[in-house]
Amino acid sequence: MKVNTQSVNFNADQKLIDFIQKRMDKLDLYYDKVIKSDVYLKVENTSEKENKIFEARVSVPGDSFVVKKQCKSFEEGVDTAVSSLQRQLKKRKEKLRSHL
């Protein structure tokens with residue numbers, strides 16, 4: 001799956017981009033019709049520790065899923081967002097199966 005990663009107000013290192021790609025590729029196991037995904041990484045200028053925002057938009061035929069997580073690190077955000085997307089994709093797959 002093609003993952004477009006954009007970092008806002010900072011430069012993401014290659015390790016982080018590879019980590020995101022690896023995690024997002026696992027979504028193919030749950031729903032194989034994923035067209036593409038757009039990932040946005042943002043850092044808020046606040047004094048709070050949870051200032052990293054991970055936003056993912058996953059496009060599937062006829063629909064798209066958006067997940068936004070705010071965490072202490074991008075890795076934590078990726079993990080929670082991907083698990084949330086896995087649930088949504090499973091639910092969609094079951095829904096499509098029940099209509100057949």
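Numbering starts at 1 and runs along the sequence shown.
Under the side-chain contact (heavy atoms from CB on, under 4.5 Å) criterion, Asp13 pairs with Lys15, Leu16, not counting sequence neighbours. By the salt bridge (Lys or Arg N to Asp or Glu O under 4.0 Å) test, Lys91 pairs with no residue at all, sequence neighbours left out. Annotation: side-chain contact (heavy atoms from CB on, under 4.5 Å) contacts of Gln14 (sequence neighbours excluded): Ile17, Asp18. Among residues two or more places apart in sequence or in another chain, the side-chain hydrogen bond (donor to acceptor under 3.5 Å, both in side chains) test is passed with Asn45 by none.
Surrounding CZ of Arg57 are at most 12 heavy atoms belonging to other residues, nucleotides or ligands under 6.0 Å away. Counting heavy-atom neighbours within 6.0 Å of Asn9 CG, excluding the residue itself, gives a total of 12 or less.
Residue pairs meeting the ring-ring contact (aromatic ring centres under 6.0 Å, His included) criterion with at least one partner in residues 43-98, sequence neighbours excluded, are Phe10-Phe74. Among residues at least two apart or in separate chains, there is no ring-ring contact (aromatic ring centres under 6.0 Å, His included) pair with a member in residues 13-37.
Considering CG of Leu29 and CD of Gln86, their distance stands at 8.0 Å, rounded to 0.5 Å.
Tested against Met1 for a side-chain contact (heavy atoms from CB on, under 4.5 Å), the candidates Asp32, Ile35, Leu27 yield a single pass: Leu27.
Classification of Asp25 and Arg23 as a salt-bridged pair fails, no side-chain N sitting under 4.0 Å from a carboxylate O.
Of all non-hydrogen atoms in Pro61 and Lys33, the two that sit nearest each other are CD-O, 3.1 Å.
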Just do the salt bridge (charged side-chain N to carboxylate O under 4.0 Å, His left out) check on Lys26 and Asp28 with the steps written out, would you? CA-CA 5 Å; Lys26 289 185 178 179; Asp28 283 337; over 6 Å; no

